[in-house]
Amino acid sequence: MENHKRSPKFGRQWRKSEMDDYNIKIQFQDATTFFNTPVLPPPNVDEELLTTEYDTDTIAHKNSFILTQLDYAMEREDPESAESSISIFAIFLFDALGYAHRPHLTRLLRRLKILICGEYKDAKTNVCIIDRSRDDEGLLVQECRHIGAKRDPYPQVVATAIAAFQTNNSRRIASGLDPLENEIIPAVIMIGSSPTFLKVPVTAELSRCVQSGLYPTTPTVIFAHEPEIPRPAQRRAEGMRPLDNRYIIFQCYEAFKQFVH
């Protein structure tokens, strides 16, 4: 693997082979280990979102709108439409959860640059929460087509996390600050309304190796967590529609706040 020839690729072109090229692995963890808490916290959201089925005639307008977006994000008949609806749902979801508070700013279709094998390539994230006080790229959200997605979504979000690390360090250097040696980039992969949470540790060594097309001697282990819902086999089909799923997923989002700047 060390002698394997690598080529510069856009973030959307990253596959498992790029993960292997740069010694990157995924490790799934249970909720206690991933969130570093024995009990998930109660969700800090409007109670109506936790207790009411989707029905625009009986719930408050603001909650009706969020649940309408959830319904669109779960749409299967038109995958192209569903893909963009996931990002719109994510924006309103993070607002309801309190992620998008000052000084945070939520952006759609955030395009970053990743320096890979000596060339700059685009790496896009569908939604990004930016810390304006530090001008840092924070939480990354990568959407994935709903049912039957064939492309592995992890390599693309990893490429974007590396691009975010490089971007954050470039801004620090431009501001006269010392570059970071490592940073944990939080990310969420959304298939419909079903999330997978990730903590992507990016080091200066990994970034340098990607820039030069070299194999890192130190492995990068990305920690991931899928919410422990009652019917895991129906994870992608059900998403956040059932109330029992919804409560647990909201708990996970609440616990995940600690990793967002």
Side-chain angles (χ1 to χ4, degrees), residues 24-47 49-50 66 86-87 89-107 110 112 125-143 153-154 157-158 160-165 167-169 171-172 177 180-191 193-204 206 220-229 235 239-240 245-261:
I24 302 170
K25 301 172 175 61
I26 304 285
Q27 180 179 320
F28 282 84
Q29 297 179 321
D30 61 23
T32 298
T33 306
F34 183 85
F35 295 112
N36 193 31
T37 179
V39 180
L40 289 173
N44 184 22
V45 294
D46 192 316
E47 184 69 18
L49 286 174
L50 303 174
I66 293 171
I86 295 171
S87 294
F89 168 63
I91 286 179
F92 287 98
L93 176 65
F94 288 124
D95 181 63
L97 286 160
Y99 276 74
H101 60 80
R102 188 178 297 182
H104 291 171
L105 173 69
T106 307
R107 294 286 301 275
R110 183 71 164 170
L112 304 173
T125 185
N126 298 104
V127 177
C128 181
I129 295 181
I130 302 168
D131 186 342
R132 290 181 294 177
S133 67
R134 305 190 308 174
D135 200 21
D136 274 1
E137 308 296 329
L139 175 68
L140 308 177
V141 179
Q142 184 64 49
E143 63 186 38
Y154 295 98
V157 78
V158 170
T160 308
I162 296 171
F165 177 81
T167 300
N168 292 343
N169 262 348
R171 290 172 180 162
R172 288 179 64 86
L177 301 174
L180 296 170
E181 284 299 312
N182 58 79
E183 184 177 17
I184 296 178
I185 306 291
V188 179
I189 293 174
M190 297 184 70
I191 301 180
S193 62
S194 178
T196 299
F197 299 90
L198 298 97
K199 294 181 290 186
V200 186
V202 184
T203 63
L206 174 61
T220 296
V221 180
I222 296 166
F223 297 111
H225 175 73
E226 290 183 334
E228 297 160 6
I229 56 176
R235 180 183 309 280
M240 294 178 67
N245 283 9
R246 195 183 304 169
Y247 188 85
I248 293 168
I249 291 172
F250 269 127
Q251 282 185 297
C252 290
Y253 275 115
E254 191 67 36
F256 199 57
K257 287 180 181 178
Q258 65 184 294
F259 306 116
V260 181
H261 300 313

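Position 1 is the first residue of the sequence; numbering continues from there.
Under a 3.5 Å cut-off, the side chain of N126 and the backbone N or O of S87 do not form any donor-acceptor pair. Using modelled atom types, one side-chain atom of E228 and one backbone atom of A31 make a donor-acceptor pair closer than 3.5 Å. No donor-acceptor pair closer than 3.5 Å links the side chain of R172 to the backbone N or O of L177. A donor-acceptor distance shorter than 3.5 angstrom exists from the side chain of R246 to the backbone of L49, with no hydrogens or angles considered. At distances below 3.5 Å, not a single donor-acceptor pair connects side-chain atoms of T33 with backbone N or O atoms of Q29. Checked by atom type and distance alone, the side chain of K257 pairs as donor or acceptor with a backbone atom of L97 at under 3.5 Å. The main-chain N or O of L180 is found under 3.5 Å from a side-chain atom of N169 such that the two form a donor-acceptor pair. In this structure, Q258 contributes its side chain and A255 its backbone to a donor-acceptor pair below 3.5 Å. In this structure a side-chain-to-backbone donor-acceptor pair under 3.5 Å is missing from T37 to L40. A donor-acceptor pair under 3.5 Å links the side-chain atoms of T125 to the main chain of V141, judged by distance alone.
The minimum heavy-atom distance between P201 and T220, with the atom names listed, is O-CG2, 3.3 Å. For the residue pair I185 and A164, the shortest heavy atom distance occurs at CD1-CB, 4.4 Å. For the residue pair Q251 and P41, the shortest heavy atom distance occurs at CG-O, 3.2 Å. The shortest non-hydrogen separation linking N245 to G239 is ND2-O, 3.1 Å. The heavy-atom pair separating V45 from A96 by the smallest distance is CG1-O, 3.8 Å. Closest non-hydrogen pair, T160 versus L112, comes out as O-CD1, 4.0 Å.
Under the side-chain contact (heavy atoms from CB on, under 4.5 Å) rule, F89 has a single partner from I86, I91, L93, which is L93.
Note that CD1 of I26 is 6.0 Å distant from CG of L198, once rounded to the nearest 0.5 Å. To the nearest 0.5 Å, atoms CD1 (I184) and CD1 (I222) are separated by 11.5 Å. Note that CZ of F92 is 8.0 Å distant from CG of D95, once rounded to the nearest 0.5 Å. Here CD1 of I191 is found 8.0 Å from CD of E226. Values are rounded to the nearest 0.5 Å.
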| said: If you apply the rule side chain to side chain contact (heavy atoms under 4.5 Å, CB included), what do you find for T196 with F28, and how did you get there? | reply: CA-CA 10 Å; T196 299; F28 282 84; 4.2 Å; yes
| message | Using side chain to side chain contact (heavy atoms under 4.5 Å, CB included), reason through V202 and N182 one step at a time and then give a plain yes or no. | response | CA-CA 6 Å; V202 184; N182 58 79; over 6 Å; no
| request: Test T203 against E181 for side chain to side chain contact (heavy atoms under 4.5 Å, CB included), laying out the working first. | output: CA-CA 6 Å; T203 63; E181 284 299 312; over 6 Å; no
| said: Pair F256, V188 - check side chain to side chain contact (heavy atoms under 4.5 Å, CB included), show working. | reply: CA-CA 10 Å; F256 199 57; V188 179; 3.9 Å; yes
| task | Please test F35 against H225 for ring pair (Phe, Tyr, Trp, His ring centres under 6.0 Å), starting from the C-alpha separation and ending with a verdict. | result | CA-CA 9 Å; F35 295 112; H225 175 73; 5.3 Å; yes
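Between F259 and F34, the ring planes lie perpendicular to each other; the angle is over 60°, past the 30° to 60° tilted range.
Scanning for ring-ring contact (aromatic ring centres under 6.0 Å, His included) contacts around Y253 gives F94, F197, with sequence neighbours left out.
The closest side-chain donor-acceptor pair between N44 and E254, if any, does not fall under 3.5 angstrom.
In this structure the side chain of P195 never reaches within 4.5 angstrom of the side chain of C252, judged on heavy atoms.
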